[in-house]
Amino acid sequence: MNILGLSAFFHESACCLLRGGRLVAAAEEERFSRVKHDPRLPAAAFRFCLRAGGIGITDLDAVAYYESPVRKLSRQLWAGIPEGASPDLGWLDPRAPERAIREGLGWDGPILTFDHHLSHAASSFLFSDFPEAALLTVDGVGEWATTTYGRGRGADVELFEQVDFPHSLGLLYATLTSYLGFEVNDGEYKVMGLAPYGEPRFLDEMRRLVSSGPEGQYRLNLDYFDFIRGRRMYSDALPRLFGEPPRKPEAEITRFHQDVARSLQAAVEEILLAKAGWLHERTGLPALCMAGGVALNVVANGRILREGPFERLFVQPAAGDSGACLGAAALAHVQLTGGRPEPLRHVYLGPRWSTAEIAGLLAAAGIAAEDFRDREAELLEAVVDRLAAGRVVGWFHGSLELGPRALGGRSLLADPRDPGMRDRLNHLVKKREAFRPFAPSVLAAHAAGHFDLDHPSPYMLETCRVTSPLDLPAVTHVDGSARPQTVDPLIAPRYAALLEAFRRRTGCPLLVNTSFNVRGEPIVASPVDALSCMGVSGIDTLVLEDFLIDRDRLPANWADLLPAWRERARSGFARGSSAISADLYTFV
Ligand SMILES: [Fe+2]
C-alpha cells in the first residue's frame with residue numbers, strides 16, 4: 001500500500017510517502033524551489049517522494065489531500081476574497097486542488113480528502129507511540145475550525161469540539177506579529193523570541209482582545225481585528241488600545257514591543273493551559289498529542305507539559321501545514337487497510353546525497369576540499385578542532401529534515417560556551433535580528449545534567465530551564481531557558497559521535513545548533529545550496545558528508561567565483577550523478 005500525502009495552496013506545501021504504513025519520505029516544496037514557505041503545488045517534493053520510495057506514479061494506491069476545498073470555500077465566501085489572493089492558489093475554486101493534482105502531477109487514481117484539523121490531529125496521534133491520547137490542534141484557520149479537541153484510540157481519530165473562524169489563537173498571534181512589524185506566518189517565532197525580554201504589563205489589554213469561554217471555546221473581540229476581509233490583520237482600534245502606532249518593519253525594537261510580545265505570549269499560554277486542563281478533564285487520558293502551527297510555540301508546550309495535567313506530550317515536529325500531509329496519508333492508510341501507521345522515529349525524511357556525488361560536485365566546481373572518506377573519527381576530530389577554536393561549521397550529513405528545525409542533517413554548529421558566538425551568528429552568519437536565541441543539541445545521555453528535562457526532546461519542541469554547571473551564553477535565553485534537542489546515537493549516529501568528540505575534548509556535550517540558512521531563505525537541501533549559503537554568510541568551515549572545506553583555504557575572490565562554480569557544479573554534478581540527484585538538481 002503506497003499512499004502519497006499532500007498539503008498545498010495555503011501555507012507551506014509538502015508531500016510525504018507512506019509505504020506499507022511506514023513513512024519513508026517527506027519534504028517541503030520550499031527546500032527544492034528555494035521559495036520560502038512555497039504554497040504552490042509540490043511537484044518537486046512529489047517526484048522526490050516517488051523516487052525515494054523507489055516507485056513510479058502507477059504504484060501509488062491513493063493521493064491523500066489535507067483539507068476539504070468545498071468546506072474551505074464556504075468560509076472564504078463568508079469572509080470575502082482577500083486582497084492580493086493569487087488565482088494560482090485556487091481561491092474560490094474548490095476543484096482547483098484536484099485539477100492541479102491531476103494535471104500538474106499526472107495522477108488519475110483516487111484522491112482521498114480529509115478535513116484540515118483532522119489531518120493535523122492524525123499527523124500527531126497516528127505517528128505517536130501512544131495507544132490512546134487526547135488531541136489538541138491549534139492554528140490560524142483550516143476550513144472553518146481554528147482549534148479542535150479530540151481523542152485518539154488505536155487507529156481511530158475523533159474530534160469532538162472545535163472553535164470556528166474568526167476566533168483563532170493563531171490569527172491572534174499573527175495579528176500581534178503584524179502589529180509588532182514582523183511578517184505574518186514567518187515572524188511568529190521572532191515574537192516568541194522577543195517575549196522573554198519584556199514584562200506582561202499589557203495582560204488586561206490582551207484579555208480585551210481574547211476571552212476564554214466555556215469548555216473548549218474562546219472568542220476574539222472583532223472590534224480589534226480586520227483579517228476577515230484580509231486587508232490587514234488589525235483594525236485602528238488595536239493601536240489605540242495599546243497607545244502606540246504599529247512598528248514599521250526593521251524599525252527599532254523598544255521596551256514597548258518587548259512588553260507587548262511578552263503579554264501576548266502570556267495570554268496565549270494562559271488560554272492553552274486552561275483548555276488543556278479542560279481537555280484532560282473531558283478525556284481522562286494521561287497523554288496529549290498536539291499539532292497545528294500554534295503547536296510550534298515551544299514556550300507554551302513546555303508550560304503545558306510542566307504545569308498542565310498531562311503526563312506525556314507528543315508534538316508532531318512539522319506541526320504546521322506542511323506536516324498535515326502526514327495526517328492525510330495516515331488517515332487514508334487507516335481507511336484503506338484498517339491498520340495504524342508505524343510511529344515516527346525521526347524526521348530525516350528528505351533527500352540525501354552520496355559521498356561519490358559530492359566528490360563529483362567538488363571536482364566539477366574545482367573546490368579544494370579535505371577528503372575524509374573512510375576516516376570518520378579523523379573527520380570528527382578535525383571538526384572539533386574548528387569548533388573549539390570558535391569557528392562556525394556548516395554541517396551537511398544524511399537526509400534533510402522535515403519541518404522547521406535543523407536537527408543535525410543541515411545545521412550550523414558552534415561552541416555554546418563562547419560569549420561572543422550568539423552575536424556573531426546572528427550578525428555575520430545568519431544575518432538576522434540580534435535578540436533571537438539559539439538552541440543547543442545535547443547528547444541524550446547528558447541532557448539531565450544541563451537542563452531541567454526528564455525525557456527526550458528530539459525535535460526541539462519545548463523549552464526548559466538551563467541547569468548546567470557550564471556557562472552556556474550562546475544557547476541560554478534571557479530568562480534562563482533553552483530549547484534543547486536531545487541527540488540519540490541510535491537515531492543520528494554521526495551527529496552524536498561529533499557531540500561525543502566535542503565532549504571528550506572540552507568537557508561540554510553540547511553544541512549550538514541552528515538551521516543551515518540565512519535570513520529569508522529556506523534551509524539548504526542540496527550540496528550546492530550549502531556552498532551558496534557559505535558564499536553569502538560567515539560560515540568558516542563546511543562539512544559536506546566526508547569532505548571538509550575551510551573558508552580560509554578558498555581563493556580570496558571566492559564570492560566572485562561562486563556563480564561560475566555553481567553553474568559548473570550544476571552541469572558537472574548533474575551529468576555524473578544518479579537519476580534522483582540529477583533530477584532534484586534541476587530544481588535548485
Ligand atoms: Fe493548519
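Counting starts at 1 for both ligands and their atoms, following the listed order.
Checked by atom type and distance alone, the side chain of Arg232 pairs as donor or acceptor with a backbone atom of Tyr234 at under 3.5 Å.
The aromatic rings of Phe10 and His116 stand perpendicular to each other, their planes meeting at an angle above 60°, with 30° marking the opposite boundary. Classified by interplanar angle (parallel below 30°, tilted 30° to 60°, perpendicular above 60°), the ring pair Tyr65/Phe9 is tilted.
Among the atoms of His117, no N, O or S atom falls under 2.8 Å of the Fe ion (ligand 1). Not one N/O/S atom of His11, from backbone or side chain, sits under 2.8 Å from the Fe ion (ligand 1).
The residues Arg436 and Glu433 are annotated as salt-bridged, a charged nitrogen and a carboxylate oxygen being separated by less than 4.0 angstrom. Using a 4.0 Å cut-off between charged side-chain N and carboxylate O, Lys72 and Glu143 make no salt bridge.
Within His116, the N, O or S atom at minimum distance from the Fe ion (ligand 1) carries the name NE2. Closest N/O/S atom of Asp139 to the Fe ion (ligand 1): OD2. Among heteroatoms of the N, O or S kind in Asp321, OD1 lies nearest the Fe ion (ligand 1).
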